[in-house]
Amino acid sequence: MHIVLDGVLRRPDDALAIEEDAPVTATILDDAGRPRAVETVEPGELAAFVAQRERERPRWVWSTAADWYPVLLASGVRIERSHDLRLVAAILDREWDGADPVAEHRAQLERIDRAPERRRLELLVAAESAGALIAVELRHAGLPWSAEEHDRLLTELLGPRPATGRPAALERLHREIEAALDGASVNPDSPQDLLRALRAAGLRVDSTRACALKSIDHPVIPPLLEYRALARLAAAHGWAWLEAWVRDGRFHPEFVPAGVVTGRWASVGGGALQLPHQVRSAVRADPGWVLVVADAAQLEPRILAAMAGDAAMLAAGADGDLYAGLVAAGIAADRRQAKVAMLGALYGATTGDSGRLMPRLAKAYPRAIGLVEAAARDGERGRRVRTWLGRASPPAGAAGSPQQARARGRFTRNFVVQGTAAEWALCWLGGIRGRLTAAFPGRWPSAVPHLAFFLHDEVLVHTPEAHAERVAAILVDAADDAGRLLFGSPPGTFPISIGVARDYAAAKP
DNA sequence: CACGGGTGCGCG
DNA sequence: AAAGCGCGCACCCGTG
């Protein structure tokens with residue numbers, strides 16, 4: 001059964017919600033997709049209506065989870081399944097203005113039904129919709145955050161929080177920088193001014209980026225690099241960040257499913273996907289609880305091997321560390337070199353270490369390398385490429401210069417792998433959610449293990465300590481499920497590494 | 001004063 | 001000059 005919700009429903013944080021909300025229309029469809037009944041629901045009754053109907057395990061069809069689900073969660077109502085019209089419209093390349101969800105839903109199902117790779121597209125639609133639910137649930141649950149630990153860490157690195165102006169450490173480093181430049185005054189926050197000052201001191205530099213400065217031997221460089229790192233910490237994840245984004249011991253970022261063209265998630269507010277390792281010790285489980293952190297090992301190369309059905313490359317990853325497998329196979333001298341070579345193949349490197357290793361990779365793994373080379377050629381010719389489950393790259397603009405064509409090729413080369421890895425991660429997430437819900441009935445999220453963070457190929461579950469072992473097993477099982485769903489691959493094709501600790505930094509060394 | 005491009009750097 | 005992929009955010013600084 002499907003139930004299509006239509007109406008103007010605003011987010012719970014919108015102060016005008018009550019006055020402006022119009023009644024909601026719920027259209028109940030039978031298994032053939034034909035409308036069987038229409039009900040009108042007052043916004044105030046929506047959560048109760050959904051909770052009641054959820055017992056029949058319908059698939060809820062709505063504009064997008066971000067429109068509807070926050071208010072349901074705020075009322076304590078979770079749902080199992082949805083069809084996210086806005087996200088699916090994007091996958092199907094359909095323009096949709098939000099009008100008539102019933103008609104749009106019917107049109108989407110027809111389109112999916114006629115697709116040549118119907119089973120894959122159905123999986124993508126289900127995984128994308130499940131991801132949309134999870135994104136809202138992640139925001140609702142929040143990432144457990146110790147303001148006390150964060151403040152301790154900032155004070156240790158920057159000095160006590162200043163009432164006004166810059167922290168003491170930055171003032172001291174600024175003075176050291178100017179002293180090293182023979183007293184010349186300089187604004188280290190201004191690349192222009194900094195470049196001028198460095199040149200005036202006789203340094204031949206054309207950029208003030210850290211990687212360019214590191215190779216220079218001059219007394220101004222160490223305090224300058226330290227200033228940069230600390231100034232960034234203060235600006236991006238300092239006390240102001242803490243006040244803006246952490247409430248009641250939780251960081252509640254907004255996740256945006258498919259916010260990236262490849263299908264990866266993006267985030268809005270607080271830089272959730274850029275949390276520096278520096279502050280991760282502030283991510284701290286509640287008393288009696290722990291964090292179970294898991295990440296998929298060498299996900300993108302493994303995805304490429306599975307997509308290409310490259311038996312040699314799959315074998316290189318069979319012992320748990322694909323880069324070590326490349327070394328054992330004689331492709332690279334050491335693990336670091338193996339990693340650089342592999343990433344170069346995925347990104348389209350032509351120069352440097354990784355560029356030089358490409359011929360050896362191509363010889364050892366012709367099917368895998370052939371797949372990304374073909375994607376690159378398609379992109380260079382202005383063609384669109386598709387992920388394993390069928391998400392298409394955006395159309396190319398008008399034909400440009402050869403340089404632009406090559407850039408397009410690097411994009412499409414990476415698109416097929418990054419996009420398919422995102423699909424695997426969605427299936428993993430969906431599997432984790434389903435298994436956690438089945439294994440731990442109870443008040444969500446405060447009483448049961450729950451997803452608390454997601455970072456492309458990494459998840460964090462906040463759980464009572466007693467359940468950590470079961471949660472870890474669920475994360476492994478769900479990774480195996482994801483591999484089977486996408487590729488029919490055996491367990492262990494996508495190994496994950498797991499850490500359990502009170503804080504994020506300790507759980508993920 | 002707001003806006004937006006450029007720069008730099010955090011993450012995968 | 002261009003440069004291995006995808007992002008978000010803070011800051012500077014020129015423009016209107």
Side-chain angles (χ1 to χ4, degrees), chain A residues 166 170 186-196 205-214 224-225 227-238 240-241 244-245 253-280 295-301 303-304 339-358 361 372 375-376 379 385 387 391 393-394 401-404 406-422 424-425 453-459 504 508:
Chain A
R166 285 183 305 185
L170 293 180
V186 60
N187 175 5
D189 294 320
S190 163
Q192 273 180 36
D193 191 51
L194 189 57
L195 199 56
R196 174 202 57 75
V205 286
D206 46 20
S207 158
T208 69
R209 262 175 274 167
C211 60
L213 299 179
K214 268 176 190 141
L224 181 53
L225 291 176
Y227 179 93
R228 274 276 175 75
L230 291 181
R232 182 175 174 83
L233 173 67
H237 290 94
W241 181 94
W245 298 108
E254 180 177 3
F255 292 93
V256 185
V260 178
V261 283
T262 58
R264 271 188 174 183
W265 289 11
S267 68
V268 184
L273 303 184
Q274 291 92 24
L275 274 189
H277 294 106
Q278 239 172 348
V279 302
R280 291 190 183 185
D295 75 274
Q298 307 101 40
L299 180 60
E300 292 196 354
I303 288 289
L304 173 57
K339 185 173 178 175
V340 167
M342 204 63 246
L343 293 178
L346 297 177
Y347 296 161
T350 53
T351 61
D353 281 359
S354 51
R356 273 196 298 282
L357 289 163
M358 275 296 288
L361 272 183
V372 285
V385 295
T387 59
R391 193 189 304 270
S393 61
S401 66
Q403 291 96 316
Q404 285 171 317
R406 280 194 294 275
R408 184 82 201 164
R410 286 193 300 275
F411 168 67
T412 51
R413 167 197 296 269
N414 187 249
F415 180 93
V416 294
V417 179
Q418 187 184 119
T420 304
W424 180 91
F453 197 55
F454 171 58
L455 191 53
H456 306 313
D457 61 357
E458 181 176 336
V459 300
Y504 194 178
K508 209 188 170 239

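Below, chain A is the first sequence line, B the second, and so on; all start at residue 1. These numbers come from a predicted model, not from an experiment.
Distance A:Leu361 CG to C:dG4 C1': 14 Å, rounded to the nearest Å.
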Could you list the donor-acceptor pairs under 3.5 angstrom formed between side-chain atoms of residues 227-237 of chain A and any protein atom two or more places apart in sequence or on another chain?
| unit_1 | atom_1 | unit_2 | atom_2 | d |
| --- | --- | --- | --- | --- |
| A:Tyr227 | OH | A:Arg166 | NH1 | 2.7 |
| A:Tyr227 | OH | A:Asp189 | OD1 | 3.1 |
| A:Tyr227 | OH | A:Asp189 | OD2 | 3.2 |
| A:Arg228 | NH1 | A:Thr208 | O | 2.7 |
| A:Arg228 | NH2 | A:Thr208 | O | 3.2 |
| A:Arg228 | NH2 | A:Thr208 | OG1 | 3.0 |

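The heavy-atom pair separating A:Ala345 from A:Leu361 by the smallest distance is CB-CD1, 4.0 Å. The two residues A:Ala422 and A:Thr262 make their nearest non-hydrogen contact at CB-O, 4.4 Å. Here the closest non-hydrogen pair linking A:Ser393 and A:Arg408 is OG-NH2, 4.3 Å.
Side chains of A:Glu458 and A:Lys508 form a contact here, defined as non-hydrogen atoms less than 4.5 Å apart. Within the 4.5 Å cutoff, side-chain heavy atoms of A:Leu346 are placed close to those of A:Pro301. Within the 4.5 Å cutoff, the side chain of A:Trp241 has no heavy atoms near those of the A:Val279 side chain.
Taken residue by residue, residues 205-212 of chain A places heavy atoms nearer than 4.0 Å to DNA chain B at A:Ser207, A:Thr208, A:Arg209, A:Ala210.
The strand DNA chain C forms stems, runs of 3 or more Watson-Crick or G-U wobble pairs with distances below 3.5 Å, at B:1-12 with C:5-16.
When heavy atoms are screened at a 4.0 angstrom cut-off, A:Arg280 is found touching the sugar-phosphate backbone but no base atom. Among the atoms of the strands shown, none is found under 4.0 Å from any heavy atom of A:Arg413. A:Arg410 comes within 4.0 angstrom of sugar-phosphate atoms only, judged by non-hydrogen atoms across all strands, and of no base. Counting non-hydrogen atoms under 4.0 angstrom, A:Val279 reaches nothing in the nucleic acid. Residue contacts shown for A:Leu346 are absent, as no nucleic acid heavy atom lies under 4.0 Å away. Within 4.0 Å (heavy atoms only), A:His277 reaches sugar-phosphate atoms of the nucleic acid but no base atom.
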Restricting both atoms to N or O, compile the protein contacts to nucleotides 13-16 of chain C shorter than 3.5 Å, with distance only.
| unit_1 | atom_1 | unit_2 | atom_2 | d |
| --- | --- | --- | --- | --- |
| C:dC13 | OP1 | A:Ser190 | OG | 2.5 |

What N/O pairs connect the protein and nucleotides 7-10 of chain C at under 3.5 Å? Give each pair on its own line.
| unit_1 | atom_1 | unit_2 | atom_2 | d |
| --- | --- | --- | --- | --- |
| C:dC7 | O2 | A:Gln274 | NE2 | 3.4 |
| C:dG8 | O4' | A:Gln274 | NE2 | 3.1 |
| C:dG8 | N2 | A:Arg232 | NH2 | 3.4 |
| C:dC9 | OP1 | A:Gly269 | N | 2.5 |

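Judged by distance alone, with hydrogens and angles left aside, the side-chain atoms of A:Thr420 form no donor-acceptor pair with the main-chain N or O of A:Val417 at under 3.5 Å. With hydrogens and angles disregarded, no donor-acceptor distance shorter than 3.5 Å links the side chain of A:Asp457 to the backbone of A:Leu299. Within the 3.5 Å criterion, the main-chain N or O of A:Val261 finds no donor-acceptor partner in the side chain of A:Arg391.
Taking the P atom of each, B:dT7 and C:dA2 are spaced 12 Å apart, rounded to whole Å. For C:dG4 and B:dG12, the C1' atoms lie 15 Å apart once the distance is rounded to whole Å.
First and last contacting nucleotides of DNA chain B toward chain A (any atom under 4.0 angstrom from a heavy atom, 5' to 3' order): B:dT7 to B:dG12.
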